[in-house]
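Before any comments, here is the structure.
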There are 4 protein chains.
Amino acid sequence: MGDGHHGNRHGRSEAAREAVLEAADDLLTERGFAGVTVEGIAARAGVAKQTIYRWWPSKVDILLEALGSDLAQHLTPADRGPIAEDLRAHLRALARFLTRSDPGTVLRALVGQAQHDPELAARLRSEQLAPQRERETERLLRAVEAGELPADLDPGSAVDQLVGPVYYRVLVTGEAVLPAFTDALVDGFLRAHGSVEKPS
Amino acid sequence: MGDGHHGNRHGRSEAAREAVLEAADDLLTERGFAGVTVEGIAARAGVAKQTIYRWWPSKVDILLEALGSDLAQHLTPADRGPIAEDLRAHLRALARFLTRSDPGTVLRALVGQAQHDPELAARLRSEQLAPQRERETERLLRAVEAGELPADLDPGSAVDQLVGPVYYRVLVTGEAVLPAFTDALVDGFLRAHGSVEKPS
Amino acid sequence: MGDGHHGNRHGRSEAAREAVLEAADDLLTERGFAGVTVEGIAARAGVAKQTIYRWWPSKVDILLEALGSDLAQHLTPADRGPIAEDLRAHLRALARFLTRSDPGTVLRALVGQAQHDPELAARLRSEQLAPQRERETERLLRAVEAGELPADLDPGSAVDQLVGPVYYRVLVTGEAVLPAFTDALVDGFLRAHGSVEKPS
Amino acid sequence: MGDGHHGNRHGRSEAAREAVLEAADDLLTERGFAGVTVEGIAARAGVAKQTIYRWWPSKVDILLEALGSDLAQHLTPADRGPIAEDLRAHLRALARFLTRSDPGTVLRALVGQAQHDPELAARLRSEQLAPQRERETERLLRAVEAGELPADLDPGSAVDQLVGPVYYRVLVTGEAVLPAFTDALVDGFLRAHGSVEKPS
DNA sequence: AGTTAAGCGAGACGGTACGTCTTGTCTTCAC
DNA sequence: GTGAAGACAAGACGTACCGTCTCGCTTAACT
């Protein structure tokens with residue numbers, strides 16, 4: 001905070017808000033989810049606990065807000081070339097995002113916590129995962145319109161077949177998700193759905 | 001406990017062990033992961049906290065032990081008919097296990113917690129998930145031997161393509177996992193790998 | 001607590017402080033020293049354990065504070081008549097205080113615990129016993145000034161000779177301390193120091 | 001224990017008994033009363049807890065037994081010279097015993113604990129303090145018979161007047177108990193009771 | 001000589017209290 | 001009227017001892 005004001009009648013402090021979000025993010029990457037406590041965030045952000053409780057119902061809401069629009073920024077599928085290439089690029093980006101980026105760490109932690117917390121699960125899905133899924137089905141629908149994929153394709157199932165194995169490896173098996181793996185996923189998907197494109 | 005002994009040279013009390021595992025399981029399904037406390041387990045199991053700490057390093061270890069061999073019991077893929085039918089049955093069983101069974105609830109909670117706890121992740125994978133994966137790759141390899149699947153199949157990737165979307169729906173999107181979905185997964189998989197069997 | 005505030009910038013809650021002291025006192029008289037536990041005090045006072053640990057290093061500090069100024073209130077020697085009468089009254093009051101009053105019970109418990117705890121012993125002496133001794137020597141010095149006692153009297157030893165046997169009976173032998181006994185103590189003391197007053 | 005037997009039908013092991021008493025004594029002098037735990041005694045004595053509980057109801061019983069006949073050995077008043085000299089020697093010995101000897105430490109701890117434990121108080125008095133008092137009154141009675149003290153002397157009160165101030169200093173004020181103090185006690189006592197001996 | 005039974009070391013057991021930690025609420029004061 | 005400070009009630013944490021118990025070994029006394 002530093003030179004920031006200490007309370008005023010202008011409404012909430014943007015400086016405090018950002019300090020909290022950053023502190024939460026830092027604590028998560030440095031000490032893991034258990035190290036993210038409201039007390040710790042307040043201390044690191046130089047903010048009173050009450051300020052946190054005033055604006056966020058719980059610490060997961062802070063992380064949700066910290067996640068922000070990172071998914072849209074990092075994971076909007078390209079629409080630049082043939083569907084095969086765009087999908088390969090998207091799955092590679094997804095794998096990289098989930099395993100190596102800071103917001104990916106936040107997302108993994110939230111998905112993990114969502115297994116214990118149905119309310120968080122609902123918010124996470126409606127605010128972050130559903131829009132992301134929308135971006136992905138949209139790209140597939142455009143490929144259908146372009147005649148690259150069959151007209152009777154179920155885009156929901158299709159997305160699951162593509163991203164599901166990536167999430168599975170990240171969340172469950174912990175195995176590395178290499179380009180060879182994601183590329184093979186795309187190839188298998190296209191082969192199964194009789195793509196006119198030849199897989200590499 | 002009742003007639004059970006209260007400590008002796010034989011080592012640990014089997015009655016206490018079972019009471020703890022059952023109490024942990026009950027608390028998880030009744031109150032969720034946050035409701036599983038060592039204090040609560042001890043109280044419900046009629047066991048001293050020290051007895052719990054003597055044998056389990058943490059509460060997740062209790063859940064891990066409570067999971068026991070449930071995966072092997074519920075999720076060993078059948079080898080009774082053509083690979084298509086066995087896979088369809090297996091994915092249906094997996095979906096049912098994850099979404100509706102008590103041990104499935106435990107597994108989901110542990111996978112969730114594993115996102116915050118690398119040590120638990122490692123144990124969960126080596127003790128439960130790797131053997132399960134082994135059972136699944138084995139079934140695929142037998143299909144390869146039987147000529148039902150191509151000889152150059154990568155069984156690891158194949159398993160990911162099959163079960164990955166199921167876990168994804170359960171853990172991430174929360175969408176229902178109906179037989180139609182899992183059957184379609186199997187069909188797509190077989191189509192992609194040029195199975196000689198005709199999908200239904 | 002009831003309508004009391006729950007923490008604020010003024011510092012500690014006076015209501016909590018008093019509830020703790022009273023609970024400790026009650027527990028001591030009802031269940032004895034072993035029945036005085038931080039847990040029990042907290043429960044009875046309707047106070048969080050942390051609040052107790054914030055302000056008192058240990059349970060004996062609570063009792064020490066509960067003792068407060070009871071000694072000064074109950075055991076300040078009168079200066080109303082001849083030294084013989086004042087001393088007789090004082091020793092009778094001391095015996096009554098030690099054996100039959102609530103703060104006397106607290107003092108006995110603390111003196112007992114002080115045998116196991118040098119730090120408590122030091123605090124008990126400096127905060128309670130030394131001032132009490134001061135009050136007693138002062139009365140003797142006034143008697144010296146009044147010519148009732150010899151000028152070369154060692155007031156420290158004199159106090160020990162008077163109150164020592166009373167404490168001894170209370171703490172060690174457990175024998176009753178009747179007025180006849182304390183009166184005889186005063187008589188012996190005055191006779192030994194050649195008082196001009198005639199003992200009764 | 002070493003070469004000691006491990007149970008037989010001769011009855012209890014003397015080696016175990018002595019090891020327990022010594023361990024208790026050591027722990028008391030080394031770590032204070034709070035450091036005397038049944039667990040700790042068992043560990044240091046190389047003895048099973050059950051062996052302790054078989055023979056002693058509680059840890060204070062161990063200390064009581066450890067005290068043994070130390071009082072009789074150290075604190076039997078001499079009967080060698082004039083009462084004045086014997087009393088002076090006795091009070092000096094008492095002061096030394098209480099403040100500087102190991103059994104004195106045990107006695108102080110027990111008297112302290114007796115303030116919290118009426119049952120211990122009763123046993124301590126009947127087994128140790130009453131006999132000791134008996135030894136002291138006896139010496140006074142012999143002085144009465146020898147004409148050194150008046151025939152109407154109340155020996156109980158007299159003992160209290162002599163030893164009370166010593167215990168008081170040791171247990172309550174913690175002040176040093178020097179020979180000058182105890183000698184003055186004897187002198188005052190003899191002067192008050194019209195001794196034919198001239199005080200020094 | 002084999003059996004019996006008591007005392008033993010060992011240590012797990014159900015408990016209680018410890019002192020610490022974090023949560024989410026509340027109150028006050030500075031700005 | 002926000003925000004920093006921080007006390008509060010609540011309650012779980014993991015530890016230390018308590019006193020009880022069961023066990024298998026050792027050993028003398030009694031078949």
Side-chain angles (χ1 to χ4, degrees), chain A residues 1 4-13 15-16 34 37-40 42 45-55 57-59, chain B residues 1 4-13 15-16 34 36-43 45-55 57-59, chain C residues 1 4-13 15-16 34 36-43 45-55 57-59, chain D residues 1 4-13 15-16 34 36-40 42-43 45-55 57-59:
Chain A
M1 305 278 304
H5 65 156
H6 278 215
N8 57 40
R9 51 196 318 180
H10 295 311
R12 87 187 275 189
S13 157
T37 66
V38 174
E39 212 109 314
V47 143
K49 275 168 60 181
Q50 186 53 39
T51 300
I52 296 180
Y53 283 110
R54 184 154 28 232
W55 300 111
S58 77
K59 70 180 184 184
Chain B
M1 304 281 304
H5 66 154
H6 278 213
N8 58 41
R9 199 163 191 185
H10 284 323
R12 72 190 293 185
S13 155
V36 180
T37 65
V38 174
E39 209 112 314
I41 294 171
V47 143
K49 278 167 63 180
Q50 186 55 47
T51 297
I52 296 180
Y53 284 110
R54 182 153 34 227
W55 301 111
S58 75
K59 71 181 185 185
Chain C
M1 303 276 306
H5 67 150
H6 277 214
N8 57 43
R9 198 161 190 182
H10 282 324
R12 72 191 291 184
S13 156
V36 181
T37 66
V38 174
E39 210 113 310
I41 295 170
V47 142
K49 279 167 62 180
Q50 185 56 47
T51 297
I52 296 180
Y53 284 110
R54 183 157 29 234
W55 300 112
S58 75
K59 69 181 185 187
Chain D
M1 304 276 307
H5 66 150
H6 278 213
N8 55 47
R9 55 191 311 181
H10 279 325
R12 76 188 287 187
S13 157
V36 181
T37 66
V38 174
E39 211 110 316
V47 142
K49 276 168 63 180
Q50 185 54 40
T51 298
I52 296 180
Y53 283 111
R54 186 162 19 237
W55 301 112
S58 76
K59 71 181 185 185

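Proteins come first, then strands; the chains are lettered A, B, ... in the order of their sequence lines, and each starts at number 1.
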Given [options], identify the nucleotide with an atom nearest to the side chain of [X].
X       : options                : value
D/Tyr53 : F/dG19, F/dG14, E/dC13 : F/dG19
D/Thr51 : F/dC8, F/dT20, E/dG9   : E/dG9
A/Gln50 : E/dA12, E/dC26, F/dA4  : E/dC26
B/Thr37 : F/dT20, F/dC13, E/dC8  : F/dC13
A/Glu39 : E/dT23, F/dT2, F/dA9   : E/dT23

Worksheet item: Taking only residues two or more places apart in sequence, or in another chain, which ones meet B/Ser58 in a side chain to side chain contact (heavy atoms under 4.5 Å, CB included)?
Response: B/Val60, B/Asp61
Worksheet item: Are any of C/Trp55's side-chain N or O atoms less than 4.0 Å away from OP1 or OP2 of F/dC8?
Response: yes
Worksheet item: Reckon B/Arg54 has a side-chain N or O less than 4.0 Å from the OP1 or OP2 of E/dC13?
Response: yes
Response to the item:
Nearest-nucleotide check on DNA chain E, B/Ala42 vs C/Gly40; residue mapping nearer the 5' end is B/Ala42
Could you tell me how far apart [X] ([atom1]) and [N] ([atom2]) are, to the nearest whole angstrom?
X       : N      : atom1 : atom2 : value
C/Ile52 : F/dG11 : CD1   : P     : 15 Å
A/Lys59 : E/dG24 : NZ    : C1'   : 13 Å
C/Lys49 : E/dT20 : NZ    : P     : 10 Å

Worksheet, complete the sentence: Closest to the 5' end of DNA chain F, once C/Ala48 and D/Val38 are matched to their nearest nucleotides, is C/Ala48
Discussion item. I need the minimum non-hydrogen distance between D/Ile52 and D/Val38, along with the two atoms involved.
Written reply: CD1-O, 3.8 Å
Worksheet item: How would you list, by chain and number, every residue that makes a salt bridge (Lys or Arg N to Asp or Glu O under 4.0 Å) with B/Lys59, sequence neighbours excluded?
Response: none
Discussion item. Counting C-beta onward and ignoring hydrogens, is there a side-chain heavy-atom pair between A/Thr51 and A/Arg54 closer than 4.5 Å?
Written reply: yes
